[in-house]
Participant: 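I have a structure I would like to understand better, so I am pasting it below and will then ask my questions one at a time.
Everything numeric in this text was worked out from a predicted model, so none of it was measured. Lettering of chains follows the sequences in order, A, B, ..., and the numbering in each one begins at 1.
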2 protein chains.
Amino acid sequence: MSKNNASSDPSVEALKLDNQLCFALYGAANRMTRLYRPLLDAMGLTYPQYLVMLVLWESSPRTVGALGEALDLDSSTLTPLLKRLEAAGLVERHRDPEDERRVIVDLSEAGRALREQAKAIPEQMICALDLQMDAISTLRERLKVLAR
Amino acid sequence: MSKNNASSDPSVEALKLDNQLCFALYGAANRMTRLYRPLLDAMGLTYPQYLVMLVLWESSPRTVGALGEALDLDSSTLTPLLKRLEAAGLVERHRDPEDERRVIVDLSEAGRALREQAKAIPEQMICALDLQMDAISTLRERLKVLAR
DNA sequence: TGAAGTTATATTGCGCGCGATTAAATCGCA
DNA sequence: TGCGATTTAATCGCGCGCAATATAACTTCA
């Protein structure tokens with residue numbers, strides 16, 4: 001009875017949404033941003049902006065290029081996002097005097113201060129996900145392999 | 001030596017990008033769409049459009065609402081996407097005469113034909129991912145739980 | 001030195017996602 | 001019947017992602 005809903009043609013079966021890793025990933029990622037939204041709204045951040053702040057909280061200043069490397073995003077995504085963070089007073093941007101091609105992004109005082117508020121987020125998310133920590137870690141590590 | 005890079009403050013540790021399931025998911029999902037892009041370009045589809053076509057190939061016609069339920073998307077995303085698919089000649093849209101609130105989306109002949117071309121995609125992706133089928137299935141099922 | 005090649009960021013255009021709102025059709029029920 | 005509530009799509013605005021392109025700064029090397 002294991003072939004209850006299985007077509008005899010494997011290429012037909014493979015096209016079913018339910019069998020697609022890509023859709024599971026797509027759906028899970030969309031859900032995740034929706035789950036974060038209420039928490040991030042309270043901090044005035046979007047989800048990608050939050051990821052940028054995570055990188056900067058870990059180590060700053062960084063160049064736009066270094067941020068892009070960490071997040072696997074390019075300048076066409078980051079430049080406007082960073083301008084919005086700058087307009088919000090969370091980061092400062094200036095050309096590197098050593099090499100005027102580079103733009104150095106640093107946290108402002110407000111940006112640094114926001115970290116205290118952010119510290120509560122991971123725990124709230126872990127609760128919201130309702131998964132064991134080891135399940136989360138396992139999934140995370142497998143996804144990293146996928147994003148290699 | 002297990003605490004090599006560990007801060008003594010767990011809330012600091014939890015904020016590191018590398019420890020975030022959300023970022024692993026975000027990165028993996030972005031990578032996935034980039035991996036699909038060259039294959040889908042050849043078919044004239046974007047990644048979300050491909051997902052819509054997967055749903056329709058499985059069962060059509062469907063209402064906009066039913067598509068949204070299957071994909072966890074709402075009409076503000078689907079309506080413009082479906083109009084583009086219609087403009088590309090892959091689907092037809094018309095109001096349900098039974099209930100004029102509903103819009104019924106059906107495959108055109110070209111849309112149905114495109115399925116033959118799509119049949120090659122899952123295998124190509126599995127190769128590109130370079131993962132065992134059981135690893136893919138396991139990951140997929142765990143992501144579905146996350147997107148519950 | 002200076003012209004060609006390379007690197008770093010910015011700009012443009014397009015297609016999502018989604019919150020908020022609107023508009024129209026249908027339903028429920030007094 | 002008729003009117004308020006509900007359902008279904010569509011519309012609008014904004015912020016990504018990213019391909020393609022542009023621009024400016026640096027490097028190389030003849």
Participant: In whole angstroms, how far is the C1' atom of dT26(C) from the CZ atom of Arg102(B)?
Facilitator: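 So the CZ-C1' distance, Arg102(B) to dT26(C), works out to 10 Å.
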
Participant: Does a side-chain N-to-carboxylate-O contact under 4.0 Å join Asp99(A) and Arg101(A)?
Facilitator: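 Looking at Arg101(A) together with Asp99(A), the answer is yes, because their closest N to O distance falls below 4.0 Å.
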
Participant: Regarding Arg31(A), tell me which of base, sugar-phosphate or nothing describes its non-hydrogen contacts under 4.0 Å with the strands shown.
Facilitator: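 The residue Arg31(A) makes no contact with any strand.
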
Participant: Looking at dT9(C), I'd like to know if its phosphate oxygens (OP1 or OP2) sit under 4.0 Å from a side-chain N or O belonging to Ser76(A).
Facilitator: no

Participant: Can you measure Asp74(A) atom CG to dA8(C) atom P for me and round it to whole angstrom units?
Facilitator: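 Answer to the nearest Å: 13 Å.
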
Participant: In this structure, how many angstroms lie between the C1' atom of dA9(D) and the CG atom of Asp99(B), rounded?
Facilitator: 11 Å

Participant: Between dG15(C) atom P and Gln49(B) atom CD, what is the distance in whole Å?
Facilitator: 8 Å

Participant: Select one nucleotide: of dT26(C), dA19(D), dT9(C), the one nearest the side-chain heavy atoms of Arg101(B).
Facilitator: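 Minimum distance to the Arg101(B) side chain belongs to dT26(C).
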
Participant: As a test of understanding, state which of Leu51(A), Val103(A), Leu56(A) forms a side-chain contact (heavy atoms from CB on, under 4.5 Å) with Leu67(A).
Facilitator: Leu56(A)

Participant: Give a yes/no answer on whether the side chain of Tyr26(B) brings an N or O atom under 4.0 Å of OP1 or OP2 in dG17(D).
Facilitator: yes

Participant: With a 4.0 Å cutoff (strictly under), does any side-chain N or O of Thr77(B) reach OP1 or OP2 of dC16(C)?
Facilitator: no

Participant: Distance check needed: dA8(C) C1' versus Glu69(A) CD, whole Å only.
Facilitator: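 To the nearest whole Å, that distance equals 13 Å.
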
Participant: Grab the CZ-C1' distance between Phe23(B) and dC16(D) for me, whole Å please.
Facilitator: 15 Å

Participant: Is it true that, when you exclude Glu58(A) itself, more than 12 heavy atoms of the residues, nucleotides or ligands shown sit nearer than 6.0 Å to its CD?
Facilitator: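 Yes.
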
Participant: Under 4.0 Å between a side-chain N or O of Thr79(B) and OP1 or OP2 of dA10(D)?
Facilitator: yes

Participant: Tell me which of Glu100(B) and Ile104(A) sits closer to the 5' end of DNA chain C, going by the nucleotide each one is nearest to.
Facilitator: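 Counting from the 5' end, the first nearest nucleotide belongs to Ile104(A).
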
Participant: Can you measure Leu81(B) atom CG to dC14(C) atom P for me and round it to whole angstrom units?
Facilitator: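 That distance rounds to 16 Å.
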
Participant: Any N or O donor-acceptor pair linking the side chain of Ser75(B) to the base of dA10(D) at under 3.5 Å?
Facilitator: yes

Participant: Looking at Glu86(B) and Lys83(B), is any side-chain nitrogen of the basic one under 4.0 Å from a carboxylate oxygen of the acidic one?
Facilitator: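 Looking at Lys83(B) and Glu86(B), the cut-off is not met.
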
Participant: Could you tell me whether the phosphate oxygens of dC16(D), OP1 or OP2, come under 4.0 Å of any side-chain nitrogen or oxygen in Lys83(A)?
Facilitator: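 False: Lys83(A) side-chain N/O out of range (4.0 Å or more) of dC16(D) OP1/OP2.
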
Participant: Remember a base hit wins even if backbone is also touched, and classify Thr46(A) as base, sugar-phosphate or nothing at under 4.0 Å, heavy atoms.
Facilitator: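 Sugar-phosphate only.
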
Participant: In whole angstrom, what separates Arg95(B)'s CZ from dT7(D)'s C1'?
Facilitator: 12 Å

